[in-house]
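Read the structure below first, then the notes.
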Amino acid sequence: MDVAKGKSVAQAFVKRNYPFGRVQEILHTPKGFEKLKQLLEELEQKTTHKPAVILEPTGHYHRILVFYLQQAGYEVILVNPLQAQRARRTGLRKVKTDASDAWHLGELYYQEENWSTYPGRKEALVDLQFLTREHEFITSLYVQAKLNMRTLVDQIFPSYEGVFKDLYSKTSLNLLKACLTSEGVKAQTPEAWMGMVKAATQASRSETWMNRKVEALQNAIADNPVQRVPYGLEMALRSLLALVREFQKQLTELEKVILELSQTLNEVQLLESIPGVGTKLATAIVSEIGDASQFRHPKQLVAYAGIDPSVFSSGKFVATQNKITKRGSKRLRRAMYLAVTCGLRRGINPGLREYYDRKKSEGKPHKVAVIACANKLLHHVYAMLKKGQPYTL
């Protein structure tokens, strides 16, 4: 099946080079899935074997199709896009259509004998992956909003950054909004500023703390060179203040849900036994790996993380310096790099530190030694998840 947005193209085969019927368009609707089920049942009657469905992951469009097929009890095979691309290039003619892609996937199926069936993931692991990726997405928007907000503050009230250590704290955001006007930030009486500070403060603060903030605010106003704020800048800053507060709220709620979900997963608790790996890092690793049983060997997991060394040789030449492939999950690769970095810090993980020092003594650069440690640690992670045992030195 060649998957696209909202529809797929299916080509059935009874054996290699013997198609069953014509290419059919399958809409991702109840009627479309009923049409697909009818095709699969007819194929099963023809061959007396339950058919397997092979397809290439296409963004997120394939997920609803895979879920339906697994619920219906059919074997699903997901082909790496690189494999599918090589299969399309086998022909001499340059043809690229949905029907030809479906045909090439069928050809690819018969070229391999031992395909791995895509395992049905636990619902909790699927939820965890969606939530962690959503957290990553909102965090990127939050960082950009903070940078844009600081840019506007530098143009409107540059001396305000000295009032709070954390410019993006709730009290700081509330106070900045309260003293923002199109006429600029005007000096007021200490009593008026005290009332604004009290209104902006979320938690209970001492009188001494609030007096210090009022004094710092008055000094910042005296040092502010901006006398009048353009309307466009004022509205832009107000909008960003609202965005930053909303992102903070969303991230707090997401982190709470992720923490509650991770505490129900034994996989996360196992990875927390690794020195230097906390709950957040363990959650990130588990959410990207999912079900470890989908990997038949730890080297497959290492390749999925993209930290396996590339190989290059031609004739008598064999490269001695090979970079990692960087194919697969960049999130898992980043999480493993952080796990190693945290484990090496102050020798928290003695076994990993010993391996790192050995690589350094062999003349390896720091990053090469760290990647070697990440490779080794991922082998440990695979064994832990497969055996259900905690980390041991």
Side-chain angles (χ1 to χ4, degrees), residues 57 59-60 63 119 121-144 247-295 298-308 324-346 348-349 351-352 356 367 370-391:
H60 58 275
R63 293 180 184 270
R121 301 184 67 180
K122 289 197 302 185
E123 186 176 348
L125 290 175
V126 176
D127 290 342
L128 189 64
Q129 186 183 72
F130 280 126
L131 289 170
T132 52
R133 291 188 177 186
E134 183 69 13
H135 185 276
E136 179 187 20
F137 173 67
I138 294 180
T139 299
S140 65
L141 296 178
Y142 176 49
V143 170
Q144 188 59 53
F247 285 146
Q248 289 175 342
K249 178 183 175 183
Q250 291 292 327
L251 288 173
T252 301
E253 292 178 358
L254 272 175
E255 288 168 2
K256 181 182 177 182
V257 174
I258 290 172
L259 180 60
E260 291 174 352
L261 183 58
S262 65
Q263 290 176 343
T264 66
L265 294 171
N266 184 50
E267 293 90 341
V268 174
Q269 297 174 17
L270 286 174
L271 295 194
E272 284 178 338
S273 64
I274 302 175
V277 175
T279 303
K280 287 186 177 180
L281 201 49
T283 301
I285 295 172
V286 169
S287 67
E288 288 305 311
I289 294 177
D291 188 357
S293 64
Q294 64 182 305
F295 303 100
K299 288 185 178 180
Q300 290 184 338
L301 178 57
V302 171
Y304 174 68
I307 55 178
D308 55 323
I324 58 175
T325 59
K326 288 190 176 180
R327 290 176 176 174
S329 172
K330 64 179 181 180
R331 297 177 179 89
L332 178 57
R333 187 163 58 249
R334 181 173 62 241
M336 293 308 302
Y337 187 89
L338 289 174
V340 170
T341 304
C342 295
L344 294 177
R345 189 178 298 137
R346 295 191 299 275
I348 294 176
N349 191 330
L352 208 58
Y356 171 83
K367 285 189 176 181
V370 169
I371 292 299
C373 290
N375 191 316
K376 182 179 180 65
L377 185 59
L378 199 51
H379 276 72
H380 281 285
V381 169
Y382 177 81
M384 292 165 62
L385 295 177
K386 289 282 283 187
K387 298 177 181 178
Q389 297 177 357
Y391 181 81

Who passes salt bridge (charged side-chain N to carboxylate O under 4.0 Å, His left out) against Glu255, sequence neighbours left out?
none
Gap separating the [atom1] atom of [X] from the [atom2] atom of [Y], nearest 0.5 angstrom:
{"X": "Tyr356", "Y": "Asn349", "atom1": "OH", "atom2": "CG", "result": "14.0 Å"}
{"X": "Glu136", "Y": "Leu251", "atom1": "CD", "atom2": "CG", "result": "12.0 Å"}
{"X": "Met336", "Y": "Ile285", "atom1": "CE", "atom2": "CD1", "result": "5.0 Å"}
{"X": "Arg333", "Y": "Ile371", "atom1": "CZ", "atom2": "CD1", "result": "8.5 Å"}
{"X": "Leu281", "Y": "Arg334", "atom1": "CG", "atom2": "CZ", "result": "10.5 Å"}
{"X": "Ser262", "Y": "Glu267", "atom1": "OG", "atom2": "CD", "result": "11.5 Å"}

Side-chain heavy-atom pair [X], [Y] within 4.5 angstrom cut-off:
{"X": "Arg133", "Y": "Arg331", "answer": "yes"}
{"X": "Thr139", "Y": "His135", "answer": "yes"}
{"X": "Leu332", "Y": "Leu301", "answer": "yes"}

Smallest separation among heavy atoms of [X] and [Y], with atom names:
{"X": "Leu377", "Y": "Ala339", "result": "CD2-CB, 3.9 Å"}
{"X": "Ser293", "Y": "Lys386", "result": "CA-NZ, 4.1 Å"}
{"X": "Ile274", "Y": "Met384", "result": "CG1-CE, 3.8 Å"}
{"X": "Val340", "Y": "Cys373", "result": "CG1-CB, 3.6 Å"}
{"X": "Ala305", "Y": "Leu378", "result": "CB-CD2, 3.7 Å"}
{"X": "Leu128", "Y": "Ser287", "result": "CG-CB, 3.8 Å"}

Do any N or O atoms from the side chain of Gln294 and from the backbone of Ile289 form a donor-acceptor pair under 3.5 angstrom?
yes
Over 60° means perpendicular and under 30° means parallel, so classify the ring planes of Tyr304 and Phe295, tilted if in between.
tilted
